[in-house]
Amino acid sequence: MTDRFDAADRPALIAELIERLSRLVRAQAHDTALNPAQWDALRYLERCNRFSNTPGALARYLAATKGTVSQTLNALERKGLVARQDDPLSGRVVRLALTRAGRSALNRDPLQPLARAAASLAGGETRRIAEGLLAMLSDLQRANGQRPFGVCRTCRHFRKDADGGNPHFCALLRERLSEHDAGRICAEHEPVAA
């Protein structure tokens, strides 16, 4: 394959392409009944684990203020897409859950065309792009003093087949984890040291 771009220009081109893709998706999101922040919240709640479904974790994930997230959640609650529940173990913690309507709304997610475009790339190419984008995101989060979220099974606290089989175990939270839990993103994630 002929290299179409000068190596020195690639980082700026990558940044510009990411921004252009983002603008296209955001424009499509504004054409729906939900704004981009509301879509981001629904996506997060679909992917997070049971320890990360709080307003505070959502605010950290979105790098948004608690006030902004509160307004977003209020709107989603009024639309019947999100429900708040008191945590039975801690009266001070509020848990968030997608309602049936919230899960259904994700079938119309404006990110779907972008995901289909990514799926049309060759398998090895999607892996390299995903790994590169994750590394870029982690670098930017660390540079901004933010803690990266990650998938449970890639955390240093994750113990696979902890009791000689399922379930797995989180050594940080001292909790059993199902296979489903292991594939969710977590606010407490700490990458395995390289």
Side-chain angles (χ1 to χ4, degrees), residues 1 4-5 10-55 57-64 68-69 72-73 75-76 79-83 96-142 144 146-155 158 177-187 189 191:
M1 177 175 158
R4 298 182 342 182
F5 308 104
R10 280 189 218 134
L13 177 63
I14 289 169
E16 183 181 331
L17 291 172
I18 291 170
E19 177 61 19
R20 289 185 65 203
L21 289 167
S22 177
R23 285 184 184 278
L24 286 172
V25 170
R26 296 288 183 204
Q28 289 173 339
H30 279 295
D31 288 342
T32 68
L34 302 176
N35 68 37
Q38 292 167 353
W39 281 114
D40 289 341
L42 291 180
R43 285 183 208 112
Y44 173 78
L45 292 172
E46 174 67 18
R47 295 196 57 224
C48 74
N49 67 17
R50 59 191 159 109
F51 313 110
S52 305
N53 61 348
T54 65
L58 176 60
R60 285 194 341 257
Y61 184 81
L62 298 177
T68 298
V69 167
T72 298
L73 291 172
L76 290 171
K79 294 175 182 187
L81 303 176
V82 170
L96 305 169
L98 291 175
T99 63
R100 182 173 297 170
R103 290 187 192 287
S104 179
L106 285 167
N107 292 328
R108 300 178 305 280
D109 187 343
L111 271 184
Q112 288 179 350
L114 184 58
R116 284 192 297 274
S120 71
L121 300 171
E125 202 169 19
T126 58
R127 181 173 170 234
R128 283 190 303 281
I129 291 169
E131 288 172 352
L133 290 172
L134 279 170
M136 288 171 59
L137 176 61
S138 292
D139 288 348
L140 282 173
Q141 286 172 321
R142 277 192 288 280
N144 290 326
Q146 297 168 329
R147 189 169 165 185
F149 284 53
V151 174
C152 185
R153 72 170 49 95
T154 66
C155 179
F158 179 74
L177 303 168
S178 68
E179 188 61 31
H180 178 76
D181 291 330
R184 300 311 220 176
I185 55 175
C186 184
H189 186 270

Closest heavy-atom pair, W39 versus D109, reported as atoms and distance to 0.1 Å, is CZ3-CA, 3.6 Å
Can you measure from CG (L106) to CD (Q112) and round to the nearest 0.5 angstrom? 8.5 Å
Spatial distance of atom CG (L21) from atom CD (E16) [nearest 0.5 Å]: 10.5 Å
Classify the ring geometry of F149 against Y44: parallel below 30°, tilted from 30° to 60°, perpendicular beyond 60°. perpendicular
For R184 and C48, the nearest pair of non-hydrogen atoms, with its separation, is CB-C, 3.8 Å
Mind checking the CD1-CD1 spacing from I14 to I18? Nearest 0.5 Å is all I need. 7.0 Å
I'd like to check T68 versus L62 (side-chain heavy atoms, cut-off strictly below 4.5 Å). Are they in contact? no
Nearest heavy-atom pair of T99 and G80: which atoms, and what distance? OG1-O, 2.5 Å
Less than 4.0 angstrom from a charged side-chain N to a carboxylate O is my criterion; do D40 and R43 meet it? yes
Between R26 and E19, is there a salt bridge with N-O shorter than 4.0 Å? no
Gap between atom OG of S52 and atom CG of L45 - 0.5 Å precision: 10.5 Å
Kindly give the heavy-atom pair with the smallest separation between T72 and A37, and that separation in Å. CG2-O, 3.7 Å
Just wondering, more than 12 heavy atoms not from R147 lying within 6.0 Å of its CZ? yes
Working note: V82 + L98, criterion side-chain contact (heavy atoms from CB on, under 4.5 Å); need CA distance, chi angles, decisive distance, verdict. CA-CA 5 Å; V82 170; L98 291 175; 4.2 Å; yes
Output for pair (H189 NE2, F51 CZ), nearest 0.5 Å, gives 14.0 Å
Apply the test side-chain contact (heavy atoms from CB on, under 4.5 Å) to residues D181 and C152: give CA-CA distance (whole Å), side-chain angles for both, the deciding distance (0.1 Å), then the verdict. CA-CA 7 Å; D181 291 330; C152 185; 5.5 Å; no
For S104 and R100, indicate whether the former's side chain and the latter's backbone hold a donor-acceptor pair under 3.5 Å. no
CD-CG distance between Q28 and L24, expressed to the nearest 0.5 angstrom: 7.0 Å
Tightest non-hydrogen contact, residues A64 and V69, listed as CB-CG2, 3.9 Å
Side-chain contact, heavy-atom cut-off 4.5 Å: L73 with L58? yes
Return yes when atom CZ of R50 has more than 12 non-hydrogen atoms of other residues, nucleotides or ligands closer than 6.0 Å, and no otherwise. yes
Can you name the nearest heavy-atom pair linking A33 to K79, along with the distance? O-NZ, 2.8 Å
Derivation of the side-chain contact (heavy atoms from CB on, under 4.5 Å) call for R142 and S138: CA-CA 6 Å; R142 277 192 288 280; S138 292; 3.7 Å; yes
Yes or no on side-chain contact (heavy atoms from CB on, under 4.5 Å) for R153 and E179, after CA distance, side-chain angles and deciding distance? CA-CA 9 Å; R153 72 170 49 95; E179 188 61 31; 2.8 Å; yes
Answer whether the closest heavy-atom distance between the side chains of P148 and L137 falls below 4.5 Å. no
